[in-house]
Amino acid sequence: MGWGSMDVALCCIIALCLVHVSLGAKARHFKWEVVYMYRSPDCFEHIVMGINGQFPGPTIRAKAGDTLVIELTNKLHTEGVVIHWHGIRQPGTYFYHGHYGMQRSAGLYGSLIVDVADAENEPFHYDGELNLLLSDWWHQSVHEQEVGLSSIPFRWIGEPQSLLINGRGQYNCSMAAKFSNPPIWQCKFRGNEQCAPQILMVKPNKTYRLRIASTTALASLNLAIQGHKMVVVEADGNHVQPFAVNDLDIYSGESYSVLLTTDQDPSMNYWISIGVRAREPKTPRALTILNYSPTSASRIPMSQPPVTPPWNDYNHSKAFTKSIYALMGSPKPPETSNRRIVLLNTQNRVNGFVKWSVNNVSLVLPSTPYLGSLKFGLNNTFDQKSPPDNYDSSYDIMKPAVNQNSTLGSGIYTISLNTTVDVILQNANALAKDVSEIHPWHLHGHDFWVLGYGEGKFKEGDEKTFNLKNPPLRNTAVIFPYGWTALRFVADNPGVWAFHCHIEPHLHMGMGVVFALGVHRVGQIPREALACGSTGNRQN
């Protein structure tokens with residue numbers, strides 16, 4: 001069910017303390033009911049998962065040091081609920097989402113914004129703020145998707161029908177129909193439709209902080225604003241050295257803040273365009289409008305929206321990703337590590353089922369939560385053999401495996417508390433020839449430093465290229481096709497923490513590992529978080 005001490009399940013009261021405690025800190029109380037409901041997020045009616053009748057869920061806004069108390073009631077009749085507070089460690093731009101089955105794909109997500117404490121200031125100035133929560137959307141239910149992913153023959157979910165901006169998109173029409181090829185209907189909105197775009201209203205000659213988070217289940221995205229540059233100032237809640245871009249790549253699980261200066265002709269409106277990257281795009285781009293006041297919001301821009309870079313232009317993606325450095329004065333990583341774990345990402349088969357594996361182990365979550373199993377010494381609830389720290393060095397990452405079979409496993413990596421760990425994410429060929437997919441990896445409970453990226457197979461000596469001077473602190477990092485990404489983190493947060501590909505079907509198919517550290521230091525665990533399996537039986 002849950003992964004660790006910050007994921008929360010079933011009907012319960014959640015207490016979430018935001019770090020950097022300050023004198024002005026307060027407790028903020030919320031009451032949530034998780035429900036299924038009918039909505040038309042892309043003009044096509046479907047069942048979505050929402051909170052208090054809202055989709056996306058309510059935006060949480062708090063200050064560093066606050067305690068959030070969320071009383072959550074599960075109104076779903078046939079399944080549990082897990083909420084993951086994605087990336088919560090510091091002030092910044094975050095989001096929350098469902099982490100039970102494929103509930104994120106069903107619409108269980110929302111924005112979570114942590115402002116700096118009263119006595120602190122951001123290292124940049126802005127006049128106003130805008131918020132973009134990006135997602136992708138299917139018309140097939142998540143339950144059908146899950147069955148297809150776990151079937152023989154394997155049934156892939158396919159590409160999303162639409163992309164959503166703040167829960168709104170258009171499937172059967174386009175705001176820029178006259179520029180579309182092939183032709184499509186022109187969208188005509190009164191403004192009160194559930195799929196009508198949310199217009200971003202701005203004043204001329206101002207600077208706005210645009211918060212962007214991606215909770216996509218599959219799609220990597222590119223964002224561009226017609227006629228405007230963006231200055232990147234924050235990544236995953238951490239300040240970065242400002243740099244200007246014409247467009248921005250964002251992978252599932254990532255969040256950014258950019259500064260946008262409204263210095264264009266105020267008598268015009270401008271397109272905000274979201275397109276698919278890293279997969280052959282079969283999903284129409286999402287569009288909304290940057291509306292300069294007092295120009296009418298209904299005035300459609302006369303020129304075509306920005307064109308998304310080619311989906312497989314990985315040099316464009318790498319150039320953006322490698323431009324991200326920590327702001328001067330940010331925490332630096334330890335000079336050395338105590339342990340190195342190399343994680344080979346492969347697509348495999350297990351008893352005829354298509355799976356994703358890490359070091360030839362495809363993760364299967366046990367019915368008993370790991371945290372409870374370790375806390376109470378229940379050694380028969382998951383595999384006691386630890387997964388391997390490395391893989392066979394003779395493995396050819398450039399070709400499909402000679403033996404494509406893998407094994408299922410529920411073992412964990414036990415990490416000594418307060419030690420420094422290097423993780424090398426190594427990409428490889430998938431089942432099909434000449435196919436290596438992008439994977440955004442997300443770590444629960446910790447930030448990590450991204451020390452570097454490389455082409456081909458990571459080898460001894462490559463650590464000499466690591467950036468120890470100003471690597472960015474992130475909670476999500478991408479590995480590019482046939483390449484590697486090096487991460488370093490300090491295991492200072494007691495608990496049981498997932499580290500997994502943030503692409504929803506990839507995780508569902510086993511692409512993840514589990515880190516356990518300092519469980520003896522974890523205090524009282526809420527009963528609701530232990531309601532499954534053997535720990536559930538102990539409470540009856």
Side-chain angles (χ1 to χ4, degrees), residues 7-11 30-60 70 72-86 94-112 131-149 157-173 187 189 191-198 213-219 221 252-253 274 276 283-284 286-288 502-505 507-508:
D7 296 329
V8 186
L10 299 178
C11 304
F30 304 87
K31 284 191 175 184
W32 284 2
E33 290 187 350
V34 176
V35 296
Y36 277 117
M37 56 194 184
Y38 284 106
R39 284 293 184 275
S40 301
D42 63 354
C43 306
F44 181 89
E45 190 175 67
H46 202 292
I47 292 175
V48 308
M49 191 176 288
I51 298 173
N52 295 349
Q54 292 182 231
F55 167 76
T59 295
I60 295 177
I70 301 160
L72 185 148
T73 302
N74 178 11
K75 304 289 282 191
L76 309 178
H77 299 295
T78 59
E79 58 192 291
V81 173
V82 171
I83 302 290
H84 170 52
W85 313 100
H86 184 105
Y94 302 98
F95 59 98
Y96 61 87
H97 61 82
H99 219 304
Y100 182 83
M102 293 176 66
Q103 291 179 341
R104 175 159 54 96
S105 294
L108 186 55
Y109 49 78
S111 295
L112 202 172
N131 191 29
L132 293 181
L133 185 60
L134 311 179
S135 54
D136 43 14
W137 190 248
W138 282 259
H139 294 166
Q140 185 185 50
S141 76
V142 293
H143 303 298
E144 291 180 83
Q145 294 181 39
E146 290 180 60
V147 171
L149 294 171
I157 64 174
E159 303 304 310
Q161 274 66 64
S162 57
L163 303 176
L164 306 182
I165 302 175
N166 293 340
R168 297 162 177 256
Q170 297 81 45
Y171 165 66
N172 53 6
C173 66
C187 295
F189 295 115
N192 59 348
E193 297 89 349
Q194 294 173 349
C195 60
Q198 190 174 86
S214 174
T215 183
T216 56
L218 175 64
L221 302 176
S252 177
I274 313 289
V276 172
T283 307
L287 296 171
T288 190
H502 209 261
I503 293 176
E504 189 90 303
L507 171 59
H508 188 75

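Numbering of residues begins at 1 and proceeds along the displayed sequence. Model, not experiment: these values are computed from the prediction.
Between Pro41 and Phe55, the shortest heavy-atom contact is CB-CE2, 3.7 Å. Nearest heavy-atom pair, Ala217 versus Trp138, reported as atom, atom and distance to 0.1 Å: CB-CZ3, 3.8 Å. Ser135 and Tyr109 get closest at one heavy-atom pair: OG-OH, 2.8 Å. What you find for Met102 and Gln145 is that their closest heavy atoms are CE-OE1, 3.7 Å. Residue Ala106 comes nearest to Val142 through the heavy atom pair N-CG1, 3.5 Å, listed as atom of the first residue, atom of the second, then distance. Of all non-hydrogen atoms in Leu218 and Gly158, the two that sit nearest each other are CD2-O, 4.0 Å.
Using a 4.5 Å heavy-atom threshold, the side chains of Tyr100 and Leu108 count as separate. At a threshold of 4.5 Å between non-hydrogen side-chain atoms, the residues Ile51 and Tyr96 count as touching. For the pair Leu164 and Asp42, the minimum side-chain heavy-atom distance is below 4.5 Å. Looking at heavy atoms from C-beta onward, Glu504 lies out of side-chain contact with Leu149 at the 4.5 angstrom threshold. Residues Trp32 and Val81 are not in side-chain contact: their nearest non-hydrogen atoms beyond the backbone lie 4.5 Å or more apart.
Counting only distance, with no hydrogens or angles, the side chain of Ser252 and the backbone of Thr216 share a donor-acceptor pair below 3.5 Å. With hydrogens and angles disregarded, a donor-acceptor distance shorter than 3.5 Å links the side chain of Asn166 to the backbone of Leu133. Under the 3.5 Å distance criterion, the side-chain polar atoms of Ser40 are left unmatched by any main-chain donor or acceptor of Gln194. Judged by distance alone, with hydrogens and angles left aside, the side-chain atoms of Thr288 form a donor-acceptor pair with the main-chain N or O of Gln198 at under 3.5 Å.
Counting only N and O atoms by type, the side chains of Gln103 and Glu79 include a donor and acceptor under 3.5 Å apart.
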Full working for side-chain contact (heavy atoms from CB on, under 4.5 Å) between Leu112 and Trp85: CA-CA 8 Å; Leu112 202 172; Trp85 313 100; 3.7 Å; yes
Go through the steps for Cys187 and Cys43 under the test disulfide bond (SG atoms under 2.5 Å apart), then give the verdict. CA-CA 10 Å; Cys187 295; Cys43 306; 5.9 Å; no
Could you walk me through whether Phe189 and Cys195 pass the side-chain contact (heavy atoms from CB on, under 4.5 Å) check? CA-CA 9 Å; Phe189 295 115; Cys195 60; 3.7 Å; yes
Take Glu193 and Gln170 through the side-chain contact (heavy atoms from CB on, under 4.5 Å) test and state the conclusion after the steps. CA-CA 11 Å; Glu193 297 89 349; Gln170 297 81 45; over 6 Å; no
After noting the C-alpha distance and the side-chain angles of Tyr94 and Ile60, does the key distance pass the side-chain contact (heavy atoms from CB on, under 4.5 Å) rule? CA-CA 10 Å; Tyr94 302 98; Ile60 295 177; over 6 Å; no
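Between the NE2 atom in His46 and the CD atom in Gln140 there is a gap of 8.0 Å [rounded to 0.5 Å]. Expressed to the nearest 0.5 Å, how far CE of Met37 lies from CD of Gln54 amounts to 8.0 Å. With values rounded to the nearest 0.5 angstrom, Leu132 atom CG is found 9.0 Å from Ser111 atom OG. Note that CD1 of Ile165 is 6.5 Å distant from CG of Leu134, once rounded to the nearest 0.5 Å. Within the model, atoms CD1 of Ile83 and CG of Asn74 stand 9.5 Å from one another, a figure rounded to the nearest 0.5 Å. In this structure, Asp136 CG and Ser214 OG are separated by 7.5 Å, a value rounded to the nearest 0.5 Å.
Heavy-atom contacts from other residues, nucleotides or ligands closer than 6.0 Å to OH of Tyr171 number 12 or fewer.
Aromatic ring pairs are classed by plane angle as parallel below 30°, tilted from 30° to 60° and perpendicular above 60°; the pair His86 and His84 is perpendicular.
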